[in-house]
Amino acid sequence: MLRRSLNCAVLPVVAALTVMYGGSSAQAEEIPKAPGHRLVTHYDGSPSAAVPLPGEAPPQHPFLAPNGRSGMHSDAAGSATSPWSGPLGKNPKVTSEKIAALGGECATATFDSAGRLVTVCGTFSGFKVKLLEPRTLATLAEYQLPQRSSTVEAITSLDFAKIFKDTSGGAYFYLDNQDRAVLADSRQHILRLGHSWHADESGGSWKFTVEDDWDLTGQVPHDCVTWTNLWPSGTCDPVTSVMPDWNGRIWWVTRQGRVGTVDPATDRIRSVQLRGEEIQNSFSVAEDGVSIVSDHALYSFRAAADGTPEVQWRQTYDRGTASKPGSVNQGSGTTPDLFGQNYVAITDNADDRMNVLVYKRGMDVPADRRLVCKVPVFGSGASTTDNSLITWGNSIVVENNYGYENPTTLLLGKSVVGGVARIDVRADGSGCDTVWESAIRAPSVVPKLSTANGLLYFYEKEPNVWGIDAWYLTAVDFRTGERRWRQLTGTGPLYDNNWAPITLGPDGTAYVGVFNGIVAVRDS
């Protein structure tokens, strides 16, 4: 499963030093490029014209920041779309920010009401909530989160796969309608963090402040590995994601299948457990309920009067016989997408070929009529995804992550089999059709669609016979599947995005979280 190399053997030693001696750079600096940067093409294609897509945007959630600004999947529906244009490929300029000596990936990026980035960056000493200036990427403020158990386990066992399979600790956070970051840390606490300017004698500075702290340990087992508890005898169940419902309750899920709520007005916490099931992905919310996918089934939940989660309906899917290279666990790798005429879409984990599944939502839909279509995608024996789908109108875009495990997987010019496909639900709801397929190789990125210009954005890496690891921001025509242009961001494993998304900023910049920090691409 995990491809070993000399670099992989060295990583644990460097990581241990990082934890002991500190990993943050003294000064802001760009992410280093690996040798070979001058030997690969820097730009392919030609600038695109903006051709907006017709259609209706997902509903604006009343407790989230505006659509496109609020979280990893752009909005409450999980559409992975942005209402503004990304770069069009007009002499693109690339900048980057190195966050730590090793690691430092800034995964989810959100934007406050003034356009500043609020992000969470993973370092070996713990995740950091950061406020970044959008043009220079300079850090304006940061808040240190506790170190994850998986990091301690990885260092003590010299097995870094533990880190790359862990989706907990704050990576799935959201920005609310008051510019506050809401996340679950590795202590099983939900924090609500505000940021503000504090004046002082030297002029002042930005600071994060914990406005609320909800302790879930009364509901969630928390005997976790730490440096002072290396051999716990109990159970540790990390919280993977949080999202608000339409009434303002904060919903949360854990790796071991717990689903819970926090009522911010009363601080009341309620939960249930899906026994024998795992939840490794985020979830989506609409007025009709909360859509959650486990490694066994797709669920729709609602809250009872006291906040206890209740199942409205449950739909099993083909979870296959094992996890695949490119999957976190044996199950769907997608966050549910809520779109079109009351549809919800996920992928399965079928053994030969993964399928895109579209279901009808609603309490009144008979179980045997809930499935709208089941469409196999990509090649036999080589298809999986661990990323959100993109949905707009009745269209779905899916990418193939088969073969990607972590940044060591693609060293020395290797890549994945790749593939991207667009599938449309028929207007009458009688089934689905494949509109186009592309050979784009996007190993692990959460892609995005700009509805303002009609371009899909991927993070691409092709095989290289010289062993050069070149990473590109790639723009693809949503209507045809044709690559329009691509811009080199950097070379080497430090530019591997390692499951982080592309995020389109309100000023037209495309941001990509990469292993060593964050990259920005914007038109000159």
Side-chain angles (χ1 to χ4, degrees), residues 73 78 149-150 161-162 164-169 171-172 184 186 188 190 216-224 234-243 245 250-262 269-285 289-304 307-324 326-338 344-351 354-357 359 361 367 370-371 374 384-389 499:
H73 302 308
S149 293
S150 60
K162 295 180 183 296
F164 300 120
K165 297 286 187 181
D166 185 2
T167 58
S168 70
Y172 283 124
S186 61
Q188 285 94 337
I190 293 178
L216 305 183
T217 55
Q219 308 270 334
V220 180
H222 56 281
D223 191 10
C224 304
T235 300
C236 177
D237 189 11
V239 181
T240 51
S241 186
V242 293
M243 277 285 282
D245 67 17
I250 298 172
W251 287 65
W252 49 271
V253 296
T254 71
R255 182 184 303 161
Q256 295 176 17
R258 288 176 171 83
V259 179
T261 67
V262 174
I269 301 171
R270 294 288 184 267
S271 68
V272 297
Q273 186 176 11
L274 311 176
R275 297 197 177 275
E277 301 184 29
E278 287 187 2
I279 303 171
Q280 289 278 23
N281 301 297
S282 190
F283 53 96
S284 299
V285 181
V290 176
S291 295
I292 297 172
V293 65
S294 76
D295 62 344
H296 284 72
L298 172 65
Y299 289 85
S300 176
F301 279 92
R302 66 179 177 185
T308 302
E310 294 182 339
V311 176
Q312 298 190 100
W313 54 265
R314 178 181 189 266
Q315 186 79 39
T316 58
Y317 60 86
D318 186 350
R319 64 190 298 264
T321 57
S323 61
K324 300 176 183 178
S327 300
V328 172
N329 64 7
Q330 185 188 336
S332 175
T334 52
T335 294
D337 269 62
L338 313 177
V344 54
I346 61 169
T347 60
D348 65 13
N349 189 51
D351 283 339
M354 174 181 73
N355 297 280
V356 173
L357 307 173
Y359 299 100
R361 302 189 340 246
R370 195 171 291 282
L371 182 65
K374 179 179 180 179
T384 191
T385 192
D386 219 280
N387 280 316
S388 173
L389 304 167
W499 303 116

Between OG on residue S294 and CZ on residue R314, distance to nearest 0.5 Å: 6.5 Å
Criterion side chain to side chain contact (heavy atoms under 4.5 Å, CB included) on S388 and D337, from CA distance to verdict: CA-CA 8 Å; S388 173; D337 269 62; 3.4 Å; yes
Going by distance alone, is a donor N or O of one side chain under 3.5 Å from an acceptor N or O of the other, for Q280 and N329? no
Criterion side chain to side chain contact (heavy atoms under 4.5 Å, CB included) on V290 and Y299, from CA distance to verdict: CA-CA 8 Å; V290 176; Y299 289 85; over 6 Å; no
Minimum heavy-atom distance between S291 and F283, given as atom pair plus value: O-CB, 3.1 Å
Looking at every heavy atom in both Y359 and L298, which two are closest together, and how far apart are they? CD1-CD2, 3.6 Å
Chi angles and distances behind the side chain to side chain contact (heavy atoms under 4.5 Å, CB included) call for V242, W251: CA-CA 6 Å; V242 293; W251 287 65; over 6 Å; no
Once you round to the nearest 0.5 Å, how far does OG1 of T334 lie from NE2 of H73? 9.0 Å
Has the side chain of K324 got a donor or acceptor atom that lies under 3.5 Å from a matching backbone atom of T385? no
Would V259 and I279 satisfy side chain to side chain contact (heavy atoms under 4.5 Å, CB included), going step by step from the backbone distance to the final call? CA-CA 9 Å; V259 179; I279 303 171; 4.0 Å; yes
Between Q273 (side chain only) and Q256 (backbone N and O only), is there a donor and an acceptor less than 3.5 Å apart? yes
Ion pair present between R319 and E277, side-chain N to carboxylate O less than 4.0 angstrom? no
d(I190 CD1, L216 CG) to nearest 0.5 Å is 4.5 Å
How far does CG of D223 sit from OG1 of T235, to the nearest 0.5 angstrom? 7.5 Å
Using the side-chain contact (heavy atoms from CB on, under 4.5 Å) definition, which of the options I292, T335, V285 pairs with M243? V285
How would you list, by chain and number, every residue that makes a side chain to side chain donor-acceptor pair (under 3.5 Å) with S186, sequence neighbours excluded? none
Between P309 and V272, which heavy-atom pair has the shortest distance, and what is it? O-CG1, 3.6 Å
Is the side chain of S284 donor-acceptor paired with the backbone N or O of P336 at a distance under 3.5 Å, no angle test? yes
Within the distance-only criterion (no hydrogens, no angle test), does the side chain of Q188 pair as donor or acceptor with the backbone N or O of V239 below 3.5 angstrom? no
Heavy-atom pair of closest approach, residues Y317 and V293: CE2-CG2, 3.9 Å
Test item: D348 side-chain N/O and N355 main-chain N/O as donor-acceptor pair under 3.5 Å: yes
Quick check against the 3.5 Å criterion: does N281 have a side-chain atom that pairs as donor or acceptor with the backbone of S332? yes
Would E310 and R302 pass as an ion pair if we require N to O under 4.0 Å? yes
Please report the interatomic distance CG(N349) to CG(D318), rounded to the nearest 0.5 Å. 7.5 Å
How long is the gap from CE on M354 to OG on S327, to the nearest 0.5 Å? 8.5 Å
Among R258, R255, Q219, whose side-chain hydrogen bond (donor to acceptor under 3.5 Å, both in side chains) with D237 holds? R258
Smallest heavy-atom separation, W252 atom then S271 atom, equals CH2-CB, 3.6 Å
Using distance alone, with no hydrogens and no angle criterion, decide if H222 and T217 have a side-chain donor and acceptor under 3.5 Å apart. no
